[in-house]
Amino acid sequence: MTKLVLIQVVLIVVVVAVVARLFRSNGARAQAIRRLGLLLFASFAVVSILVPKVWNRIAHLVGVGRGTDMVLYALVVAFLSFTVTTYLRFRDLETRYTRLARRLALDEAERDFPQEQTRSTQAPDSPTSGTPTA
């Protein structure tokens with residue numbers, strides 16, 4: 001069996017965390033974490049533009065040979081995170097649209113067929129049901 005280097009452990013942990021995120025709910029906290037992540041990513045992008053050798057230093061710290069490989073690993077993790085986030089957002093929108101369509105269908109049915117609804121809600125022997133009582 002091969003020896004795991006630090007980058008392999010880090011990448012596996014990040015992938016597991018992203019997949020675990022798939023099963024958690026969306027809320028204000030998740031949105032705040034996404035925004036902080038985006039801010040961190042943007043800050044690190046600016047630093048890496050100003051000091052390009054930072055990727056080489058990070059790569060050597062975690063056991064990767066070159067900074068370009070480290071950038072590739074970071075982009076794979078960022079893409080996976082983006083994919084999961086987009087999937088969760090899309091799934092939430094589908095659920096909302098389904099609920100909205102059902103609500104609209106029920107509201108339109110009540111508006112278009114009011115007599116059908118009143119017949120089903122009134123008791124058969126009630127004086128307003130239109131049937132004569134003896």
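Counting begins at 1 with the first residue of the sequence. Note that this is a predicted model, so its numbers are computed, not measured.
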Engineer: For R111, which residues count as a side-chain hydrogen bond (donor to acceptor under 3.5 Å, both in side chains) partner, sequence neighbours excluded?
Structural biologist: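 Once residues adjacent in sequence are excluded, R111 has no partner under the side-chain hydrogen bond (donor to acceptor under 3.5 Å, both in side chains) criterion.
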Engineer: Please round to the nearest 0.5 Å and tell me the distance separating atom CG of L80 and atom CG of L75.
Structural biologist: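 L80 CG to L75 CG: 12.5 Å, rounded to 0.5 Å.
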Engineer: Atom CZ of residue position R102 - does it have more than 12 heavy atoms of other residues, nucleotides or ligands inside 6.0 Å?
Structural biologist: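 It does not: R102 CZ has 12 such atoms or fewer within range.
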Engineer: Please round to the nearest 0.5 Å and tell me the distance separating atom CZ of F90 and atom CG of L93.
Structural biologist: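 Answer rounded to 0.5 Å: 8.0 Å.
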Engineer: Linking I/L/V/M/F/W/Y whenever their side-chain heavy atoms sit closer than 4.5 Å, directly or via other members, would V10 and V64 fall into one cluster?
Structural biologist: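 Per the 4.5 Å side-chain linkage, V10 and V64 are co-clustered.
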Engineer: With rounding to the nearest 0.5 Å, note down the distance linking CG in L88 to OG1 in T83.
Structural biologist: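 Reported value, rounded in 0.5 Å steps: 11.0 Å.
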Engineer: Please round to the nearest 0.5 Å and tell me the distance separating atom OG1 of T85 and atom CZ of R89.
Structural biologist: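 One gets 6.5 Å once the value is rounded to the nearest 0.5 Å.
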Engineer: For the hydrophobic clusters of this structure (ILVMFWY residues joined by side-chain heavy atoms under 4.5 Å, transitively), does one cluster hold both V84 and Y87?
Structural biologist: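 They do share one cluster, since a chain of ILVMFWY contacts under 4.5 Å joins V84 to Y87.
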Engineer: Membership question, hydrophobic clusters at under 4.5 Å side-chain separation (ILVMFWY): are V77 and L6 in the same one?
Structural biologist: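 L6 clusters together with V77.
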Engineer: May I have the list of side-chain donor-acceptor pairs in residues 44-62 shorter than 3.5 Å, sequence neighbours left out?
Structural biologist:
unit_1	atom_1	unit_2	atom_2	d
S48	OG	F44	O	3.2
S48	OG	A45	O	2.9
N56	OD1	G67	N	2.8

Engineer: Give a yes or no on whether a salt bridge exists between D69 and R66, defined as a side-chain N under 4.0 angstrom from a carboxylate O.
Structural biologist: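 Judged by the 4.0 Å cut-off on N to carboxylate O distance, D69 and R66 do form a salt bridge.
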